Amino acid sequence: MGLTIVGVNHRTAPIDLRERFYLSPEEIPAALDSLLDEEAVEECALLSTCNRTECYLWSAPAAPGEDAAARLLAERAGLEASRVGRYLYRWRDAEAVLHLFRVAGGLDSMVVGEPQIQGQVEEAYRTAREGRPGAVGHVLHRLFQSALSAGGRVRSQTAVGEGAASVPAAAVQLVLKVFGSLEGRRALVIGAGEMGEAILHGLLDRGVGEAVVTSRTLERSRETAARLGEDRVRAAPYLDVPEELRSVDVVLTSTSAPHPVVTTEALESARGGDRRDLVIVDIALPRDVEPAVGDLPGVFLYNIDDLQAVVQATEEARQAEGREAEVLLREDADVFVSWLMARQAVPLIREIRRSAEETRVEAMEEALEGIEGLSEAERERILGASRLLVHRLLHAPTVALRALAGEPGGADHLEIARRLFALDGPAGNGAKIDEGTDEDDDERG
Amino acid sequence: MRPVPLAVGEARPLLAVIFALHLAALAGYVAAWGFLARAFRSGGGLQESVGWWTAVGAVLVHTLGLAWFVARYRTFPLVGLGPASSSLALAIALLTLGAAVRQERRPTALFVLPVVVVLTGLAVLVGLQPVLLQSTFRGPWFVLHVATVFVGCAGLILASAAAAMYVLQFRALKRKRFGSVFRFFPSLDVLDRLNRLGLLVGFPGLTVGLIAGWSWTLTYGRGLALGDPQVAFGVVTWLAYLVAIGVRMSPDWRGERAAFVSTGAFVVSVLTFLVLRVVIVGPESVFL
């Protein structure tokens, strides 16, 4: 085979180095050009995200083209070729296939099961295909399609993508576990901050009907509300907090106040004996909400440690599910590898057919020369029969060769076949594998 | 007035088919529960869907089994421990599947299926022989009485399952335990709605069933028959759920307290049944 992956990811390089390897979508076509300039490289694609930059190469087996990829990445990062090697990993053939399948399935991600990588792999495929026509041929096309399909399969058949894997997502999940749907619910945000805004974004995405933002100054509240850019968000003076507490369903607090801004007494007074459910997410340090507030009837209080605990529980559950997902990915990767190995038979099959055709033509010419009085139609009929005979005789060996090539020891099987058909040179080596056509696939049947 | 077993010449081969269908349904329910239990451990995923569709398949087979019973014996499987257990199990399963068509509600089956398994298993164990009713038991009043009581029981079991899950999820959220219960169980709001739905279906069903039963006993001059174990069971269960509904309607007793009372109503109902069935009536009775 000739599949190679050369890359760098969050395990092999720190973020300051990964930034240097990063290629924007606009830069990728030029990078693909430089890889395709290498004679050995027949197909290539590039995946570049904040956590990884990887080159996918399909090249002649004798010259895998990984040096070209390593040079490209070294140049990109501004490192000497001799120094870049310590950050790079290289996967070949079956291991390369499994690696891409694991990447697409989210098992190689920093947060196992994260969903974005599936879209990023798809984007890498599309950029290579559309940004540099010819970069993606039959092999990489099928590799990426299979990887994306396998990624989708593990997400639908396992719980590897379930749960909240970030602090804002954990906050949203907690709120949803109480209310189910957020349609028409009201949220109060006390204090503005990056994390608070991220959580509020999540709540708005889930359908919160109205959000009220308050902070030290009304001006700042208005800025935050404007930044969120939603009609459903409005700013309110800080003094309105007790009034708002009466009717809201969710409270997010993230002030820098040195003392609690929501006390048990204040909340009890605001709710006036109401037992409606209220979720309070306090992400401030020091905490904005008195811990005893969580003991009030109907009140669910969570702080930043609780959100981290949700994330931790999700990660543990995903790790456990990852083992099941790995089994599914391996199954799919094995199917692809079998197909790839079977393709090795294509040059040999073409050679066998070419040889058989030459023999047929030669034999038929000799035979027909000795027969006189044949009309053109009779002659054509005899030639047609000879073509059909050769085709039928070769059909079974062709199917068998494809199957044998996909089995362990496929190269040996091809070599034996080459000898049986008295063809010169070793099987698979040096012969450029054609891109393959639909016709090839049909022939497999 | 105790029903007597129906003597039917072709009963043996027919029973074999009905028994086989029930056995297949039982296996389906057990398998479905197994898948859901695995989903509970892992937090969802394919196991949940497989469990759900396995339960749907089991319900179809179960329905076929009872339809076969009705078609061949021309009587409803409402009397006799085996047929009645089977009908009640199917009513519970059907209501649960109907109420939980929305995916978020499906985990409720984790709590309901064990009840369905026990009832179907009981039917398979004691046999599904048809029972001939005395003439006074026949007629639309009797069918209405038993059918609505079964619907009532099914609704109340669904309500109780949702309530029990509500209590567990509530505690997980309050005590900040983010394990399997937190991940797999639906939200408090969804469980609360399911509890309400179960009560809305179950309580009127039980009420109509009791009224139909009394109408029938009055018709035959037996009065309210409060000393009859079946009537006593119905009345106690009806009262228990009346309290549960009353608590739900009170603004001060909503949420966890209401869920507790719903679960308690189910426990009271089951204990009443066991006491009447085993201690007072005796194991040979056809009283379900």
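Side chains are part of it too, since the values below use all heavy atoms of this structure and drop only hydrogens, waters and symmetry mates. Computed from a predicted structure; not experimentally measured.
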So which of B:R257, B:E104, B:R193 has the biggest tally of heavy-atom pairs under 4.5 Å with chain A? B:R257

How long is the span from the [atom1] atom in [X] to the [atom2] atom in [Y], to the nearest 0.5 Å?
X      : Y      : atom1 : atom2 : value
B:D189 : A:L176 : CG    : CG    : 10.5 Å
B:S187 : A:D277 : OG    : CG    : 10.0 Å
B:F184 : A:E162 : CZ    : CD    : 10.0 Å

If only atom types and distance count, is the side chain of B:K174 paired as donor or acceptor with the main-chain N or O of A:V299 below 3.5 Å? yes

Is chain B contacted by the side chain of A:E324, its backbone, both, or neither, given a heavy-atom distance below 4.5 Å? side chain

So which part of A:D274 gets closer than 4.5 Å to some heavy atom of chain B, the side chain, the backbone, both or neither? neither

[X], [atom1] atom: more than 12 neighbouring heavy atoms under 6.0 Å:
X      : atom1 : result
A:E265 : CD    : no
A:R232 : CZ    : yes
A:R246 : CZ    : yes
B:W33  : CH2   : no

Can you list the steps and then say if B:L173 with A:V178 is a side chain to side chain contact (heavy atoms under 4.5 Å, CB included)? CA-CA 8 Å; B:L173 286 164; A:V178 174; 3.9 Å; yes

Less than 4.5 Å apart, side chain to side chain, heavy atoms only: is that true for B:F182 and A:Q173? yes

Which residue pairs satisfy the side chain to side chain donor-acceptor pair (under 3.5 Å) criterion with at least one member in residues 196-208 of chain B, sequence neighbours excluded? B:T207-B:W238

For A:A317 and B:R183 the tightest heavy-atom approach is CB-CZ, 3.7 Å

When only heavy atoms count and the cut-off is under 4.5 Å, which of residues 300-311 of chain A reach chain B? A:F300, A:L301, A:Y302, A:D306, A:A309, A:V310

Test A:K177 against B:F185 for side chain to side chain contact (heavy atoms under 4.5 Å, CB included), laying out the working first. CA-CA 9 Å; A:K177 280 292 179 186; B:F185 281 20; 5.5 Å; no

